Amino acid sequence: MSNRYTHARVQEYWQHIWEREGVYELSDERIKDGPGTYVLGMFPYTSGSLHMGHIRNYAITDAIARYRRMNGEAVLHPMGWDAFGLPAENAAYDRDTDPESWTRTCIEQMRDELERMGFGYDWSREITTCDPDYYRWNQWLFNRFYEDGLVEYTGAQVNWCPDCETVLADAQVEDSGEETGETAESHASHGDGVCWRCHTPVQRRELDQWFFTITDYADELVDGLDDLDGWPDSIREIQRNWIGRRDGAEIRFAVEDDSIEVFTTRPDTVFGATYVAVAPGHATARQAAAGDEAVTDYLDRAADGQAEGMSGVDTGLTATNPVTGETVPVYVAAYVLDDVGTGAVMGVPAHNERDHAFASEQGLPVEQVLEPDEGQADADATLPYTGEGTVVVDGEYEGLTSSATRDRLLDHAAIEAATTYRLRDWLISRQRYWGTPIPIVHCEDCGAVPVPDENLPVELPEYVQTTGNPLAASTDFLDTDCPDCGEPATRETDTMDTFVDSSWYFLRYLNPDLSAAPFDSDVASDWLPVDVYVGGDEHAVLHLLYIRFLTRALADIGLLDQREPVERLVNQGTVLHSGEKMSKSKGNDVAPHEYGAETTRLFALSAAHPGQDFEWTATDVSNAYEFQQDLYRMVTAFSEDRGGRIESEPHDAYLEREIDRTIAAVTDEYERFRFHRAITEIQQFARLLRRYRNNGTPYRFAYSRGLRVLAKLIAPLAPYLAEELWSALDGEGLIAAADWPTALQDVPAYRVERELVRTTLEDVRDITDVVDITDPEEIELVVAPEWSYHAYDTARDVTPDGSVVGRVMDDDAVPDTEVAADYAVDLAARSGGFEPVLSPEREQTVLEQATWLFEDEFGADVTVRRAAPDGEQAGTARPNKPAIHIS
RNA sequence: GCGAGGGUAGCCGAGCCAGGCCAAAGGCGGUGGGCUUAAGACCCGCUCCCGUAGGGGUCCCUGGGUUCGAAUCCCAGCCCUCGCACCA
């Protein structure tokens, strides 16, 4: 048992030391001194236990933070708790406790688990969103936004989850996932979404609600995506789609004494409008319904979700096309949606698929007004033609291209450039207890009045079990005086969406105890953007859009200089088990500690690069476990024995070069966050060290350096193990605070050297195999003659159309022999494929240093020598490819 | 339908941005051998085809193209994954 490494046996010790030394902490002074490296993982919700997704996420951030720290950077790597939210209320209800106690218990558990995993956080900066000291700043920011016109209070049709008993933001409504399939009629009810949390079908309700006007930033949010090079394309694309900006025009059609505004991205097709259609919820539809039974019926059917496909009803109204002056009928049609554009369209059956379908269904005329551009589709293919073209109607626009027409039409009095967005304002009201109270007082005379800053925080009342909202049940909370007129008034009982809490938490970490402001603007402007943020892509349009919005909003009220919160975003992939996403609800989850905490994190990092999904397999986990044991055994064996040569031998140089090469390779992989590649390199290196060790008495300097490098390279990935190795090797201080290793020699040249050894070994294997030499006695490696290197260099320098053979043979250093001539012909045939080669001296040295590998593998004596100058004995020797004689 | 990202040997996956060092890393699985009383662990090979001296053939979804040279660059197509979608 003694030479087995068990992290559980040492974790407490190292945790204690780390804490005592404060290795993961940054002082406030250091923070104030200016930007270091800010590494952030997703804000954990306080569910009470870590799942594999957390482990993976935090293993990645921890590796990055540790690596950067070892490179001498001041790394801010904080942790805190997204502590408000509905599940705590449900848990409290089920367990007959209150959300706060429940949440605090969960936090204790989770902090403990995180520490056990060996994650190095600056716990001095821990924040908890359900602390009044935190959420008061939500309220304070609400007030600032209120002053700045970013807060709206309006009655709205909102998403209501009957199970959660609260409203949901649009982004929190998911597709039901029920395939509508071939029965294309089911779109009728539009909005058959489900709650993102409990998957209960969402209902619609009309409520007075609080909003942040994120749509004010729609343009900037979508434009900013172009410059977010550090973000994955997929996330940028998702945000682009979600914001859904469409440029077009609004066109006013006169209807009786009134008018209908239609939005279109193709105003150039206005000449072909043969009808106007409005959504069932459009004002014109309601007016038309008065006294018209057919329209009333249709609206009823639409309300029940029964109006399907291309159904519609003629209102009897006519609309005048402002450009052509023609009058066209006005329809109510279910395919026109209330919340898209203006809720009304001009029907151009000749140039729009849906309009064409509707016109066919309703027997409306189709008028072609655009001639397809040359080369576009077959000229008179069947309509609708939806591409660009040339206007073919008589009049001032005739002959203009689509885009010229669009420009010209903007001069028309009834047409205005317009842009629509899919993005809606952020509904932040929640009818729940466990959140930040919205700091508003409702006064009969003064209306909704913000609570003055000096009266913040508005604290949550004590929790009571009730079927409704506990805030509304507490008269102590509810009853207050109007801040404006002093008359009795009542408090707002809605709390804020918890995404408000997590929209600026990364700023609070910089000064978690600041009592005068949510964060220090100067410090925050210095430290932002966050250098690396790691999180799952499930928050692409929630959290990750909100932080971009909030950051801009904060900049605009003068609290921040930065407008983007995150420089580089890494989306970690999913951990699969039996082909499915690992999750408790599927029953295929593996608890993080089941296989040992450090093994689990090491496995998670070794299995794939951060962005990639990977499968949890027992074999791969056990490989990660064995890998730890290997390293531990190697180091303890060395530290117990401490022997070794003092004098170096030629083959030690081989090891020293490999140490340098490994450092370079692993460093490169760390820079790219490719931890699985780093581990592969480290494993190969460890194997080489073992082999070297087994080959004879190691040179103490090189071997111990190799082991120390090994410990350092693994330190960001397996911190407990690394500390154990480091102390066994008598390393100075803590490895967590040690310097990243550097190569002693120039590394780039190694690649060629390494290839030389590798291919030569392969060649020997090949020969013994093909010729069936089972037990070679002697292997002779003959480095090519000097002249062949000259010839090689000469050939490489010849311009593409020059005569290679001539130039090579003209070289004085190249002898006038048949062998040389053949080689020149060879070189000529290469035309360009000249990989770098070593000098003959270097080649010989490298091979000599590697002879132990040949001896070890083939059990033969090995000699290395240079070919005689005339080259006659060189045989097949070429630069980078020694002749091989086996006997 | 629109948009994004992909298709690499039995499997998982590097490589592709910056073409030549690519028959193509590493792991898994399979297989031969070493160590061992044995198992496990560990170590060294092999794992597209042919080959009695390091060679030859075919290969990175398919088909074209650029280039002295393509897994890598360009074009077209097929397939997969994801996002959006009666979106005007």
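A quick note: this is a predicted structure, and the numbers were derived from the prediction, not measured.
- Of the candidate nucleotides B/A88, B/G54, B/C28, B/C28 has the atom lying nearest to any side-chain atom of A/Asn623.
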Under 3.5 Å between N/O atoms: give me all the protein pairs with nucleotides 29-34 of chain B, atom names plus distance.
none

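- The shortest distance between the side-chain N/O atoms of A/His609 and the OP1/OP2 oxygens of B/A14 is below 4.0 Å.
- The gap from the P atom of B/G27 to that of B/C75 amounts to 37 Å, rounded to the nearest Å.
- Between A/Tyr298 and A/Tyr331, a ring centre-to-centre spacing not shorter than 6.0 Å is recorded.
- Within the 3.5 Å criterion, the main-chain N or O of A/Trp852 finds no donor-acceptor partner in the side chain of A/Asp856.
- With a cut-off of 3.5 Å on both Watson-Crick or G-U wobble distances, the partner of B/C28 is given as B/G10.
- A/Asp620 pairs by the side chain to side chain donor-acceptor pair (under 3.5 Å) definition with A/Thr617, not counting sequence neighbours.
- Residue A/Asn880 is classed as having no contact, given no heavy-atom separation below 4.0 Å to the nucleic acid.
- The OH atom of A/Tyr335 sits 9 Å away from the C1' atom of B/C86 (whole-angstrom rounding).
- Counting non-hydrogen atoms under 4.0 angstrom, A/Arg245 reaches nothing in the nucleic acid.
- Across the P atoms, B/U31 and B/C48 are found 16 Å apart, a figure rounded to whole Å.
- For the C1' atoms, the distance linking B/G13 with B/C60 amounts to 13 Å, nearest Å.
- The side chain of A/Gln684 lies closest to B/A25 when the candidates are B/A25, B/A88, B/G15.
- Heavy-atom distances to RNA chain B give each of A/Asp620 and A/Thr760 a nearest nucleotide, and the one nearer the 5′ end belongs to A/Asp620.
- Using a 4.0 Å heavy-atom cutoff across all strands shown, A/Met346 reaches no nucleic acid atom at all.
- Counting distance only, with no hydrogens placed and no angle test, the side-chain atoms of A/Asp766 and the base atoms of B/G54 include no donor-acceptor pair under 3.5 Å.
- For A/Ile767, whose side chain is taken as the heavy atoms from C-beta onward, the closest listed nucleotide among B/C86, B/G54, B/G83 is B/G54.
- If you check every strand for non-hydrogen atoms under 4.0 Å, A/Ile884 touches a base.
- Nucleotide B/G19 forms a pair with no other nucleotide shown, judged by Watson-Crick or G-U wobble geometry with both contacts under 3.5 Å.
- Within the nucleic acid shown, A/Arg693 has no heavy atom closer than 4.0 Å to any nucleic acid atom.
- Nucleotides B/C59 and B/A41 are separated by 37 Å at their C1' atoms, to the nearest Å.
- At a cut-off of 3.5 Å, with distance as the only test, no side-chain donor of A/Gln362 or A/Tyr275 sits close to an acceptor on the other residue.
- Residue A/Asp763 contributes atom CG, which lies 20 Å from atom P of B/G51 at whole-angstrom precision.
- Residues A/Val328 and A/Met346 fail the side-chain proximity criterion, which asks for heavy atoms closer than 4.5 Å.
- B/G26 sits 28 Å from B/A39 when the P atoms are compared, rounded to a whole Å.
- Taking atom CG of residue A/Leu576 and atom P of nucleotide B/C28, one finds them 19 Å apart after rounding to whole Å.
- Nucleotide B/G27 holds its P atom 21 Å from the OH atom of A/Tyr625, rounded to whole Å.
- The partner of B/G5 is B/C80, judged by Watson-Crick or G-U wobble contacts that both fall below 3.5 Å.
- With rounding to whole Å, A/Lys881 atom NZ is found 5 Å from B/G54 atom C1'.
- You'll find that the side chain of A/Val336 is closest to B/A88, out of B/C86, B/A88, B/G54.
- Residue A/Pro267 is classed as having no contact, given no heavy-atom separation below 4.0 Å to the nucleic acid.
- Using a 4.0 Å cut-off, some side-chain N or O of A/Gln612 falls inside it from OP1 or OP2 of B/A14.
- A close approach under 4.0 Å does not occur between any side-chain nitrogen or oxygen of A/Arg236 and OP1 or OP2 of B/G5.
- For the P atoms, the distance from B/G15 to B/C61 is 15 Å, rounded to whole Å.
- In this structure, A/Glu353 places its CD atom 15 Å from P of B/C86, rounding to the nearest Å.
- Taking atom CG of A/Asp233 as the reference point, atom C1' of B/C84 lies 16 Å away to the nearest angstrom.
- When only modelled atom types and interatomic distance are considered, A/Asp268 and A/Ser402 share a side-chain donor-acceptor pair under 3.5 Å.
- Nucleic acid contact for A/Ile773: none, since no nucleic acid atom lies under 4.0 Å from a heavy atom of the residue.
- Between A/Arg240 and B/C2 there is no side-chain N or O to OP1 or OP2 distance below 4.0 Å.
- A straight line from CZ of A/Phe675 to C1' of B/G13 spans 18 Å, rounded to a whole angstrom.
- A/Arg56 contributes a side-chain N or O that, together with a main-chain N or O of A/Pro610, makes up a donor-acceptor pair within less than 3.5 Å.
- Side-chain proximity of A/Arg677 to B/A53, B/A41, B/A25: nearest is B/A25.
- Applying the 4.0 Å criterion to OP1 and OP2 of B/C43, one finds that A/Arg690 has a side-chain N or O inside that range.
- With rounding to the nearest 0.5 angstrom, the CZ atom of A/Phe858 is 14.5 Å from the CD atom of A/Glu778.
- Donor-acceptor pairing under 3.5 Å is recorded for the side chains of A/Asp355 and A/Tyr335.
- Comparing B/G15, B/C42, B/U52 against the side chain of A/Asp630 picks out B/C42 as the nearest.
- Of the candidates B/A88, B/A14, B/A41, B/A88 carries the atom nearest the A/Val340 side chain, counting heavy atoms from C-beta on.
- Rounding to the nearest 0.5 angstrom, the gap separating the CG atom in A/Leu228 from the CG atom in A/Asp233 is 11.0 Å.
- Of the candidate nucleotides B/A4, B/A88, B/G15, B/G15 has the atom lying nearest to any side-chain atom of A/Arg674.
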- Take A/Leu710 and A/Thr662, measure what side-chain contact (heavy atoms from CB on, under 4.5 Å) needs, and give me the verdict at the end. CA-CA 9 Å; A/Leu710 194 60; A/Thr662 302; over 6 Å; no

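- Using modelled atom types, one finds a donor on one side chain and an acceptor on the other under 3.5 Å when comparing A/Thr599 with A/Gln628.
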Close N/O contacts between protein and nucleotides 44-46 of chain B (under 3.5 Å):
| residue | atom | partner | partner atom | Å |
| --- | --- | --- | --- | --- |
| B/G45 | OP1 | A/Arg765 | NH2 | 3.2 |

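- The side chain of A/Arg246 lies closest to B/A88, out of B/C86, B/G27, B/A88.
- In this structure a side-chain-to-backbone donor-acceptor pair under 3.5 Å is present from A/Tyr670 to A/Leu713.
- In this structure B/C42 sits in a base pair with B/G34, meeting the Watson-Crick or G-U test at under 3.5 Å.
- For A/Ile238 and A/Asn352, each mapped to the nucleotide of RNA chain B holding its nearest heavy atom, the one lying further toward the 5' end belongs to A/Ile238.
- In this structure, A/His356 and A/Pro384 approach most closely via the heavy-atom pair CG-CD, 3.6 Å.
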